[in-house]
Amino acid sequence: MSKDLKILCSDFYLELSKDRSQHFRADNREHEKLLKESCTLYVGNLSIYTSEEQIFELFTRCGDIRNVFMGLDKLKKTPCGFCFVEYYNRADAENAIRFLNGTILDDHIIHAEWDVGFREGKQYECCEDFDAGRGDFEKEAQAHD
């Protein structure tokens with residue numbers, strides 16, 4: 001296969017996340033294995049006004065959703081611009097990354113990538129510290145202005 005065809009065959013949307021949660025306690029191989037088996041997506045750069053219902057409406061276009069966990073401010077318990085979408089199967093999650101990453105929702109370009117899976121308390125992690133690698137493009141752009 002020629003080099004040009006290999007580029008066309010690659011699906012960069014499905015690449016594993018480079019992010020490693022500060023609370024993830026495993027080596028790189030274990031982390032990569034969990035990402036390859038995961039049916040959970042991290043969705044970043046959401047408007048703080050985006051509702052769980054809007055997430056369900058958009059992401060069910062790619063398959064059946066098990067759960068949506070909205071990212072919340074730890075003290076105020078208000079949305080803070082990210083969520084986790086958990087699908088029942090990997091193929092539906094892959095379709096969501098392929099087709100919904102870069103979609104505009106509530107005037108924000110959303111970012112979807114693999115996550116190792118939701119656990120209680122994780123909905124507060126990204127609100128504590130800004131992490132440009134997880135998709136808060138507007139804050140990142142403002143920081144460079």
Side-chain angles (χ1 to χ4, degrees), residues 6-145:
K6 286 181 186 176
I7 292 170
L8 291 175
C9 292
S10 72
D11 203 343
F12 67 91
Y13 290 113
L14 300 179
E15 290 178 7
L16 297 181
S17 169
K18 303 288 187 271
D19 179 72
R20 287 195 36 105
S21 171
Q22 61 190 28
H23 302 288
F24 188 78
R25 304 205 193 301
D27 65 18
N28 286 338
R29 283 189 203 151
E30 180 65 17
H31 185 253
E32 188 173 309
K33 179 180 181 260
L34 290 172
L35 287 174
K36 286 180 179 178
E37 296 171 354
S38 179
C39 297
T40 303
L41 306 179
Y42 167 89
V43 181
N45 202 41
L46 296 174
S47 164
I48 60 170
Y49 302 107
T50 300
S51 69
E52 190 172 321
E53 291 78 20
Q54 288 174 285
I55 299 296
F56 263 101
E57 184 180 333
L58 180 62
F59 281 81
T60 54
R61 294 177 184 179
C62 293
D64 293 330
I65 294 174
R66 182 184 306 244
N67 284 307
V68 171
F69 302 97
M70 297 299 288
L72 301 172
D73 180 282
K74 199 173 212 173
L75 300 174
K76 299 176 191 172
K77 305 291 191 255
T78 56
C80 61
F82 73 96
C83 72
F84 298 94
V85 177
E86 182 182 34
Y87 282 93
Y88 284 101
N89 66 64
R90 176 80 178 192
D92 292 345
E94 287 176 358
N95 283 333
I97 288 178
R98 237 184 232 114
F99 300 117
L100 299 178
N101 187 39
T103 298
I104 297 175
L105 180 62
D106 279 344
D107 296 324
H108 284 72
I109 299 172
I110 62 172
H111 174 72
E113 65 180 45
W114 293 112
D115 191 84
V116 294
F118 181 81
R119 68 183 183 316
E120 192 56 42
K122 197 170 181 180
Q123 69 269 34
Y124 305 114
E125 284 183 12
C126 290
C127 289
E128 295 169 358
D129 299 308
F130 167 68
D131 185 350
R134 291 297 290 239
D136 200 338
F137 301 121
E138 289 182 9
K139 287 183 183 175
E140 183 181 10
Q142 290 171 357
H144 294 298
D145 287 343

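In this structure Ser47 satisfies the side chain to side chain contact (heavy atoms under 4.5 Å, CB included) test together with Tyr49, Thr50, Asp106, His108, sequence neighbours excluded. Residues meeting the side chain to side chain donor-acceptor pair (under 3.5 Å) test with Glu37, sequence neighbours left out: none. Contacts of Asn67 classified as side chain to side chain donor-acceptor pair (under 3.5 Å), with partners at least two apart in sequence or in another chain: Glu86.
Heavy-atom minimum distance, Ala96 versus Cys62: CA-SG, 3.6 Å.
Between Thr78 and Ile48, every side-chain heavy-atom pair lies at or beyond the 4.5 Å cut-off. When side chains are defined from C-beta on, Glu30 counts as touching Leu34, because their heavy atoms get closer than 4.5 Å. With a 4.5 Å cut-off on side-chain heavy atoms, Tyr87 and Leu41 count as touching. Contact check for Ile55 versus Val85: side-chain heavy atoms found under the 4.5 Å cut-off.
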Subject >> Trace of the side chain to side chain donor-acceptor pair (under 3.5 Å) decision for Asp92 with Asn95 >> reply: CA-CA 5 Å; Asp92 292 345; Asn95 283 333; 4.6 Å; no
Original post:
Do Trp114 and Ile97 pass the side-chain contact (heavy atoms from CB on, under 4.5 Å) test, and can you show the C-alpha distance, the side-chain angles, and the key distance before you say yes or no?
Top reply: CA-CA 8 Å; Trp114 293 112; Ile97 288 178; 3.3 Å; yes
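Without hydrogens or angle criteria, Ser38 side chain to Leu35 main chain gives no donor-acceptor distance under 3.5 Å. The main-chain N or O of Ser51 is found under 3.5 Å from a side-chain atom of Gln54 such that the two form a donor-acceptor pair. With hydrogens and angles disregarded, a donor-acceptor distance shorter than 3.5 Å links the side chain of Asn45 to the backbone of Ile109.
From Leu100, atom CG reaches atom NE2 of His111 across 13.0 Å, with rounding to the nearest 0.5 Å. Taking SG of Cys39 as the reference point, atom OH of Tyr88 lies at 11.5 Å (rounded to 0.5 Å).
Listed by first then second residue, pairs satisfying ring-ring contact (aromatic ring centres under 6.0 Å, His included) with a partner in residues 53-81 read Phe69-Phe118, not counting sequence neighbours. Residue pairs meeting the side chain to side chain donor-acceptor pair (under 3.5 Å) criterion with at least one member in residues 56-65, sequence neighbours excluded, do not occur.
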